[in-house]
Amino acid sequence: MARIAPLSGFPEWLPDARIVEQHVLDTLRRTFELHGFAGIETRAVEPLEQLLSKGETSKEVYVLRRLQAEDDAPADRSGQLGLHFDLTVPLARYVLENAGRLAFPFKRYQIQKVWRGERPQDGRFREFTQADVDVVGAGDLPYHFEVELPLVMADALGRLAEVGLPPVRILVNNRKVAEGFYRGLGLTDVEEVLRQIDKLDKIGADAVGDLLQEQCGATADQARACLALAAISGADVGVIDAVRELAAVHGSGTDLLETGLAELGALIEAAAVRAPGVVVADLKIARGLDYYTGSVYETVLVGHEGLGSICSGGRYDTLASDGKNTYPGVGLSIGVSRLVSRIVAAGLVRATRSVPTAVLVAVVTEEDRAASDAVAAALRARGIPADVAPKAAKFGKQIQFADRRGIPFVWFPGDRAGSVKDIRSGDQVDADAATWEPPAADLWPRAVPAV
RNA sequence: GUGGCUAUAGCUCAGUUGGCAGAGCGCCUGGUUGUGGUCCAGGAGGUCGCCGGUUCAAGCCCGGUUAGCCACCCCA
């Protein structure tokens, strides 16, 4: 029995899954850079009061403590450090700290581990990688960025389709629409209404209707109106008209609602052109609407909706503030670990091999090992990943060594040149290590669709 | 933090009423004496999560504990 057990919630991939993850990370980074986002990395820790101030949410934060610290640790939080649980709080701090040296609007991407002391489950981890893109303005931030950001993510995730990622659907809503509508109805506890609406998929409309009346003081008619709003969804501007009609029926039109509808309409319209079929308005999206102030986004993998959102975000009017200046921001974050764990476990994406090696150079006898080393060196000098067999075993064993790792070619050194065998086809040809090249597709391991 | 389920070979899992610890896959060796995969034969591999209790006897029953999975909470 293994004396060491894996720690649940702290995922570690085997080498082939790591190749898939690395491809995802490379693709995200490249796409973010194509869209003009600059990369940064922030420290892993923030002062505890910083981490807990944002929205005062009861985030499960891992606190950092020195082993040699005195046992009678101070009860107060001052001076304590915690591991960051997202990349937004660090960004806000980073922006304030470097405001004088940054150019606004500041577009940045950031791909790092984050930690949350939650109970792990399928697709939910205590340590995981997030890939964030945000735009931060100084003083103001034009609405068009709320259109641009989800389209950046649509581009990034769309580029992963070629390795087998299922299509994604980015669901959008707008805090102003929800709040404007509820207030127009006469419901003032907007956050409580949102909390109940968020349960729709889990407990159904009838149960949510009851909760709206019990928890939010809604009348039966108000509850019905909220449910009717939440039922609206669609990928074209028809949803805007549908909300307007519903508001007219209930006399719940407000200026705030109109502002929100104009924003949501602009987003839907632009998305229909730039990423057809990907962005869908869904008026029941409520998560995060309590702290976001404008657009809010959630992303599901088509066919894997049960996994939850793989990419979420929204707009904060006050992402950061130093008292004199406020910095609004809009951004989204991809749960890379959640995404990778699913596409690997579900067998959607695989690596072409588990090691970088393209060519295994066989060793005839230990006395001849230098000749094999020379072949490998010649290949590496020309950018071809090569390894030398660990033992001068029978050639069958050496071929098997390559086969188990997915190494496509085995090189047999000869007196003058040598020969190289494609162990998938069995084809073997004489070759010179100074000139031979593998097919481009075999040079490095790649992520490919598994089916 | 709350609740339910689970824990047996490297992996996936059987194990009857309490009575000698099992299968498939994987791994090693040989058949094939320096060109793999298929096939055949053989082999290695176990603190039955841990601690205690009941019993002539516990993988199995009881208590505790730890870990894992799932759900709630929350969220990528």
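Per chain, numbering begins at 1; letters A, B, ... match sequence-line order.
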*Can you tell me how far P of B:U35 sits from CD of A:Q428, to the nearest Å?*
11 Å
*What distance, rounded to whole Å, do you find between the two P atoms, one in B:G64 and one in B:G4?*
12 Å
*Report the residue (A:C311 or A:D422) whose heavy-atom-nearest nucleotide on RNA chain B is the more 5′ of the two.*
A:D422
*Salt-bridge test for A:R315 and A:D317: reply yes if a basic N is under 4.0 Å from a carboxylate O, no otherwise.*
yes
_When you compare the ring of A:F128 with the six-membered ring of B:A76's base, are the centres less than 5.5 Å apart and the planes under 30° from each other?_
yes
_Without decimals, in angstroms, what is the distance between A:R126 CZ and B:C69 C1'?_
13 Å
Donor-acceptor pairs are to be reported for all side-chain atoms of residues 276-286 of chain A against protein atoms at under 3.5 Å, with residues two or more places apart or in another chain.
residue, atom, partner, partner atom, Å
A:D282, OD1, A:K284, N, 3.2
A:D282, OD2, A:K284, NZ, 3.2

_Among residues at least two apart in sequence or on other chains, which ones pass side chain to side chain donor-acceptor pair (under 3.5 Å) with A:K421?_
none
*May I ask you to decide whether A:E191 forms a salt bridge with A:R195, counting only side-chain N to carboxylate O separations under 4.0 Å?*
no
*asked:* Without decimals, in angstroms, what is the distance between A:L14 CG and B:C11 P?
replied: 12 Å
*Tell me, do A:I399 and A:F412 make a side-chain contact under 4.5 Å, heavy atoms counted?*
yes
*Ignoring backbone atoms, establish whether A:S312 has a side-chain N or O less than 4.0 Å from OP1 or OP2 of B:C75.*
no
*Short side-chain N/O contact to B:U29 OP1/OP2 from A:K397, under 4.0 Å*: yes
*In whole angstrom, give me the gap between the C1' atoms of B:U12 and B:A41.*
26 Å
*Has the side chain of A:R116 got a donor or acceptor that lies under 3.5 Å from a partner of the other kind on the base of B:C74?*
no
*Compare every heavy atom of A:F106 with every heavy atom of A:I40, then report the nearest pair and how far apart it is.*
CG2-CZ, 4.3 Å
*Without swapping roles, check the side chain of A:R93 against the backbone of A:P47 for a donor-acceptor pair under 3.5 Å.*
no
*Examine B:U35: is either OP1 or OP2 under 4.0 Å from a nitrogen or oxygen in the side chain of A:Q398? Give yes or no.*
no
*Can you check whether A:E192's main-chain N or O pairs, donor with acceptor, with A:D189's side chain at less than 3.5 Å?*
yes
*Carboxylate-amine/guanidinium contact A:E41 A:R108, below 4.0 Å*: no
*Would you kindly check if the NZ (Lys) or CZ (Arg) of A:R405 is within the cone defined by 45 degrees around the ring axis of A:F401 and under 6.0 Å from the six-membered ring centre?*
yes
*C1' gap between B:U8 and B:A21, integer Å*: 9 Å
_Without decimals, in angstroms, what is the distance between A:R195 CZ and B:C75 P?_
9 Å
_Between B:C27 and B:G22, how many Å separate the two P atoms, rounded to a whole number?_
23 Å
_Using whole Å, what does the distance between atom P of nucleotide B:A76 and atom CD of A:Q121 come to?_
15 Å
*Provide, to the nearest angstrom, the distance between the CD atom belonging to A:Q196 and the C1' atom belonging to B:C73.*
13 Å
_B:G26 to B:C11 separation - P atoms, rounded to the nearest Å_ = 15 Å
*Compare the minimum distances between each of B:C73, B:C69, B:U35 and the side chain of A:K202, then state the nucleotide with the smallest one.*
B:C73
*When rounded to the nearest Å, what value does the distance between P atoms of B:G49 and B:G15 take?*
15 Å
_Under 4.0 angstrom between A:R404 side-chain N/O and B:C27 OP1 or OP2_ = yes
*Under 4.0 Å between a side-chain N/O of A:K199 and OP1 or OP2 of B:C73, yes or no?*
no
*Decide yes or no, distance alone: a donor-acceptor N/O pair under 3.5 angstrom between the base of B:G37 and the side-chain of A:D403.*
no
*Is A:S372 reaching over with its side chain to a backbone N or O of A:V361, donor-acceptor style, under 3.5 angstrom?*
no
Please tabulate, for side-chain N and O atoms in residues 155-163 of chain A, each donor-acceptor pair with protein atoms closer than 3.5 Å (sequence neighbours left out).
residue, atom, partner, partner atom, Å
A:D155, OD1, A:R159, NE, 3.0
A:D155, OD2, A:H35, NE2, 2.7
A:D155, OD2, A:R159, NH2, 3.4

_Between B:G49 (P) and A:L7 (CG): distance, integer Å_ = 20 Å
*Give the rounded distance in Å between these two atoms: NZ of A:K394 and P of B:G31.*
6 Å
*Given the P atoms of B:U65 and B:C5, what is the spacing between them in whole Å?*
16 Å
*Main-chain N/O of A:K113 paired with A:H84 side-chain donor or acceptor, under 3.5 Å*: yes
_Strand-adjacent residues in residues 344-366 of chain A, judged by heavy atoms under 4.0 Å from RNA chain B_ = A:V363, A:V364, A:T365
*Please determine, for the side chain of A:K421, which listed nucleotide (B:A76, B:G36, B:C69) has the closest atom?*
B:G36
*With RNA chain B as reference, determine whether A:Q400 or A:R124 sits nearer its 5' end, using the nearest nucleotide of each.*
A:Q400
*Taking a pair as Watson-Crick (N1 to N3 plus N6-O4 or O6-N4) or G-U wobble (N1-O2 and O6-N3), both under 3.5 Å, which stems of 3 or more consecutive pairs involve RNA chain B?*
B:1-7 with B:66-72, B:10-13 with B:22-25, B:27-31 with B:39-43, B:49-53 with B:61-65
*asked:* Say we look at B:C13 and B:G3: how far apart would their P atoms be, to the nearest angstrom?
replied: 27 Å
*asked:* Quick check on side-chain contact (heavy atoms from CB on, under 4.5 Å): which of A:L87, A:V336, A:T129 does A:Q112 satisfy it with?
replied: A:L87
Please write out the pairs of protein N or O atoms and N or O atoms of nucleotides 1-7 of chain B separated by less than 3.5 Å, giving the distance to one decimal.
residue, atom, partner, partner atom, Å
B:U2, O4, A:R119, NH2, 3.4

